[in-house]
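One structure below.
The chains referred to below are lettered A, B, ... by the order of the sequence lines, with proteins before strands, and numbering in each begins at 1. Worth knowing before you read on, the calculation uses all heavy atoms, side chains too, and leaves out hydrogens, waters and symmetry mates.
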Amino acid sequence: MLRDITLGQYYPADSVIHKLDPRVKLFATLIYIVSLFCFKGVAALAVATVFLFGVIKTSKVPFKFMVKGLKAIMILMIITALFNLFLTPGEPIFSFWVLKITKEGVSSAALMAIRLTYLILGTSIMTLTTTPNQLTDGLEKAMAPLAKIGIPVHAIAMMMSIALRFIPILVEETDKIMKAQMARGADFESGNLVKKVKSMIPLLVPLFVSAFRRADDLAMAMEARCYNGGSGRTKMKPLKYEKRDRGAYVLVSGYLVLILLCRTFLPWPM
Amino acid sequence: MSIVLEKINFIYSEETAYQIQALKDVNLTIEDGQFIGIIGHTGSGKSTLIQHFNGLMKATSGTIYFNGQNIYEEGYHLRDLRSKVGLVFQYPEHQLFETTILEDVAFGPKNQGLSKEEALQRATEALKSVGMPEELYNQSPFDLSGGQKRRVAIAGVLAMQPEVLILDEPTAGLDPAGRDEILDLVARMHRERGITVILVSHSMEDVAKYVQRIIVMNQGSVMYDGTPKDVFHHYKELETVGLAAPQVTYLMHELKERGLLVDTDATTVAEARASLMEALTGVHSARKDFHVC
Ligand SMILES: Nc1ncnc2c1ncn2[C@@H]1O[C@H](COP(=O)(O)OP(=O)(O)OP(=O)(O)O)[C@@H](O)[C@H]1O
Ligand SMILES: [Mg+2]
């Protein structure tokens, strides 16, 4: 049930993508998102597609696993596509009552659907191949210059990594408490809205109590091990660029250039 | 009245990289009125197994019959099953949520559809039977000590008056006195009300002392199933899977090797003492120099 949430899930596998420095992956994801929103024309679309599926293939994450993440935003995608389809002004190709579908509408709906799908696939490649710890390490290092202007980069990164680490724990805890209350005859499914909300109390109260207890314990355990913030703290596995990371930077930059070239010289037909 | 498991398999996170087969081809029959102990190393599938008994988990394959009825059948009332098969989870104190202890214990009976008075009546009885002092009934359950919380949580299941009571390591994290109290309470429930009790435990001593039948789990399968004597007979094999027989079993085997004619099947201290006394008084004339301290 709750366990099927793939958000922020890591899929262990032995691939080049898994081994890349998290900063490279952050950068690549950012570039990819930018490219999605500035591309024009079938040629650019082909380049983005080849790039995306090439990376998916290299990452050794089963495609089936990735598609699971798409299901969750299906509704959002359909609504966006419908809005685009019916509300884009232009040359009508079909009209019915107040609704009319325009040529521009069709193409912008299709474009939007493709962009969203690629966006989700692209970002989930990053989360699926990077452990939350690596991700926050990468963020911390990438944002390090901001520390100079007084932004508590380390604290933010630490908070993020703890929050991420707590998601599966809380999901598990929810599952456990739910079962314990079901064993006492609790019913979380049937009934009207008021009853359903009320039936959440036996779940939420213990969940909050346990979340606070865990937070307290964690803070205590960190202090007991002399944690006192970021300054002067060294890492067991400091991030260091390897050859493959440099290669990846070149590849990603090349990809962006290619997209921009397509946009300028082959902007057909969009 | 019985619970029958037929070829139960259970796989966690099926079809992902994290796939774990937690139960493998488990066949079991839980007869009415038995006091059963389930032992097994950490991760052997005990908690997973017992959650199948009341239908909280659905087996990946296999069938479970409660009183002859297939619980996976369309339209079977799992909520009724859960009120007949009471399950006390590991660390049950984490499920407390009401403003007062009495209200919390009454949660189960209320879900069974009893009126408020009846539910409170049941709760009072259950709290009495677990030995909670009456002046605490209207306190918040969050202000209790760990052992007291545990008892309140157990009372929460007892108040539903189940026919089968399953406890998952009810004594984890309790002191010896608290442990004995809980186990004595469970044994009393079994004796007086004749309910079936299934006790998951890591302590061989506890299991040997109380139960009539032991089920040994190893890596998701049933390794042994029999009386404590039968099972602890295999103490050498038990060691290979990270378990051990009660201390007295070792003592008795050692004594026998050294030439004292004791009964190596003794699994509790009381049995061992009886056998030892017998052996000593019998052997005494032959070997005057033998001392047991
Ligand atoms: N929620 C879960 N998701 C995935 N795997 C799980 C889950 N719960 C248990 N497992 C796995 O299933 C196997 C059996 O676990 P189970 O909790 O039944 O063991 P146990 O015998 O109760 O252990 P313990 O003595 O530590 O309580 C273990 O390998 C465990 O890692
Ligand atoms: Mg367990």
Problem - Top contributor to chain A contacts, counting heavy-atom pairs under 4.5 Å, from B:His94, B:Gln95, B:Arg82, B:Lys110 - result: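 Heavy-atom pairs under 4.5 Å are most numerous for B:Gln95.
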
Handout entry: Contact winner vs chain A - B:Asp104, B:Leu78, B:Leu81, heavy-atom pairs under 4.5 Å
Key =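 Maximum pair count with chain A is reached by B:Asp104.
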
Handout entry: Flag, side chain of B:Asn54 to backbone of A:Ala183, donor-acceptor distance under 3.5 Å
Key =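 No; zero donor-acceptor contacts below 3.5 Å.
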
Taking all non-hydrogen atoms of both residues, which atom of [X] and which atom of [Y] are closest, and how far apart?
X	Y	value
A:Ile201	B:Phe97	CG2-CD1, 4.2 Å
B:Leu56	A:Met182	CD2-CB, 3.7 Å
B:Arg79	A:Asp187	NH1-CB, 3.6 Å

Handout entry: Leading residue by heavy atom contact count with chain B [cutoff under 4.5 Å; candidates A:Ala180, A:Ser210, A:Pro202, A:Ala186]
Key =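 Highest number of heavy-atom pairs under 4.5 Å: A:Pro202.
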
Practice task
Between chain B and each of A:Pro62, A:Ala13, A:Gly185, count heavy-atom pairs under 4.5 Å; write down the option with the most.
Solution key: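 It is A:Gly185.
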
Exercise for the section: For atom OH of B:Tyr72, decide whether the heavy atoms of other residues, nucleotides or ligands shown that lie under 6.0 angstrom number more than 12. Expected result: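 Buried by this count: over 12 neighbours within 6.0 Å.
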
Practice task
Answer yes or no: are there more than 12 heavy-atom neighbours, outside B:Tyr91 itself, under 6.0 Å from its atom OH?
Solution key: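 Not more than 12 within 6.0 Å, no.
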
Side chain, backbone, both or neither of [X] within contact of chain A (heavy atoms, under 4.5 Å):
X	result
B:Asp80	neither
B:Gln51	side chain
B:Phe142	side chain

Handout entry: B:Gln90/A:Lys176 under side-chain contact (heavy atoms from CB on, under 4.5 Å): CA gap, chis, key distance, verdict
Key = CA-CA 10 Å; B:Gln90 225 163 352; A:Lys176 242 190 221 161; over 6 Å; no

